Amino acid sequence: MGKSDDSIQRRKNKKTRKKQDDKVSNRIAGIIAAKKRRLSGKRRMCEGMCYSLPTPEDPFNERHGKVDLVKNKKKKQNLSKKGKNPIKKTSLPQNSDKLKEEFHMHAPSKFLILCLKTIQDGLQQDGAFNGGEEKPFFVHTWGIEFWKYFTSGKDIIGTNQAHSTTEQIAWVAATTADAISRKEKEGLSINNPFLLFLVPCQEKAVKVRKICKPLKALGIHTVSLHPGASIDHQIQGLKNCEPEFLISTPERLQELLSHGAIKTSDVSFLVIDGPLTETGYVDAVESIAKSISGKPQILAFSDCSNSSSNFLMKKSVGESICRIPLDDPVNGHNMA
């Protein structure tokens with residue numbers, strides 16, 4: 001019995017539907033084909049280019065990133081031959097440490113900058129310094145000139161003024177703290193006051209201590225001695241601490257020295273604030289300076305009187321005395 005036209009058409013339609021169900025998109029077909037080639041170890045030229053880049057030895061990427069074993073063997077042989085005559089290692093010059101020290105000496109250390117910032121932030125919190133109107137302490141020209149002379153070991157006279165300013169005290173404190181830090185890195189211990197800051201009155205002693213007080217967070221302790229507090233209280237306080245900075249009026253310091261409450265023999269830096277024109281003040285400062293056994297560096301603020309120059313001439317360690325004017329500190333000059 002022959003097939004009718006309807007049955008033949010139904011079979012054709014069934015095959016067509018089956019082909020449509022099995023048909024996949026071109027993208028999926030490409031992925032399947034690539035997977036089959038990858039599993040079989042065969043790849044197209046473009047796929048080889050995707051996995052390796054052209055090199056000077058193979059600019060057209062004909063090796064598809066494969067290494068030339070013959071050239072590698074030659075390279076190994078050349079390296080083995082070179083190994084017989086090893087290249088001498090170049091060593092740094094013996095004075096490299098000195099060069100590094102000289103380089104660092106031409107710029108203030110990070111710790112000194114940190115001390116200046118700590119002082120300025122502390123004064124701003126107390127309302128004693130307006131950071132919005134005033135310049136940062138670090139850009140103070142007098143301070144930079146002072147730091148240069150201090151690190152060179154010279155005695156200094158700050159001329160055109162009889163009293164120190166806030167910025168100058170900050171630079172003195174920060175530079176001295178940096179010097180103490182360097183000494184401690186060298187293995188030296190600071191048991192006695194390193195800085196002795198002589199002031200003419202109680203008000204100036206309080207001001208200097210207020211400027212130096214923020215350095216306590218960095219391990220620098222400051223003690224202020226003046227007639228405003230009882231001497232017994234100050235003697236007891238000195239027994240319980242070993243300050244790195246000592247701020248005092250000459251009269252009160254002489255009293256404490258007579259009681260043996262403190263020693264100034266190991267002072268390394270002596271700062272004299274106030275006019276050296278008054279006879280009593282000059283005599284007291286000279287008496288305290290004689291109690292220092294060593295040869296400390298000296299910074300004296302002077303109002304262009306001869307008393308400061310004469311005093312420094314007596315105590316100078318033999319180096320030239322540098323003057324730093326307040327108005328034009330860059331043109332500071334030396335005096336014999």
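If you read the sequence from its start, that first residue is 1, and numbering goes on from there. For the numbers below, each heavy atom of this structure counts, side chains included, while hydrogens, waters and symmetry mates do not. Quick caveat, the model's predicted, so the values are computed rather than measured.
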* Donor-acceptor pair, W171 side chain versus F137 backbone, under 3.5 Å? -> yes
* Residue pair L256 / I235, side-chain heavy-atom distance below 4.5 Å -> yes
* Structure fact -> Correct closest heavy-atom pair for G122 and P214 would be CA-CG, 4.1 Å
* Asked: Are the charged groups of E186 and K183 less than 4.0 angstrom apart, N to O?
  -> no
* **Any P136 side-chain heavy atom under 4.5 Å of Q120 side chain** => yes
* What residue among I272, V271, L253 forms side-chain contact (heavy atoms from CB on, under 4.5 Å) with L196? -> L253
* Asked: Do V206 and L225 sit in the same hydrophobic cluster, where Ile, Leu, Val, Met, Phe, Trp and Tyr count as joined when their side-chain heavy atoms come under 4.5 Å apart?
  -> no
* Please test R182 against D178 for salt bridge (Lys or Arg N to Asp or Glu O under 4.0 Å), starting from the C-alpha separation and ending with a verdict. => CA-CA 6 Å; R182 293 178 184 273; D178 183 57; 3.1 Å; yes
* Structure fact -> Minimal heavy-atom distance between C212 and T222, with the atoms involved, is CB-OG1, 3.5 Å
* Structure fact -> For N191, the side-chain contact (heavy atoms from CB on, under 4.5 Å) test, sequence neighbours excluded, returns S189, E242
* In terms of ring plane angle, is the pair F146 and W142 parallel, tilted or perpendicular, where the classes change at 30° and 60°? -> parallel
* Asked: Taking everything shown except K207 itself, do over 12 heavy atoms lie less than 6.0 Å from its NZ?
  -> yes
* So, does R252 use its side chain to make a donor-acceptor pair with the main chain of A229 at under 3.5 Å? -> yes
* Structure fact -> Minimal heavy-atom distance between F245 and A177, with the atoms involved, is CZ-N, 3.9 Å
* Supply the atom-to-atom distance I144 CD1 to F138 CZ, rounded to the nearest 0.5 angstrom. => 5.5 Å
* Structure fact -> Distance col, row E244:CD vs I220:CD1, nearest 0.5 angstrom, shows 5.0 Å
* **Rounded distance (nearest 0.5 Å) linking atom CG of L114 with atom OG of S181** => 10.0 Å
* Structure fact -> For I119 and A173, the nearest pair of non-hydrogen atoms, with its separation, is CD1-CB, 4.1 Å
* Asked: Hey, does the side chain of Q297 reach the backbone of K154 with a donor-acceptor pair shorter than 3.5 angstrom?
  -> yes
* Q234 side chain to H226 main-chain N or O, any donor-acceptor pair under 3.5 Å? -> yes
* Structure fact -> What one should report as the nearest heavy-atom pair of I292 and T264 is CG1-O, 3.4 Å
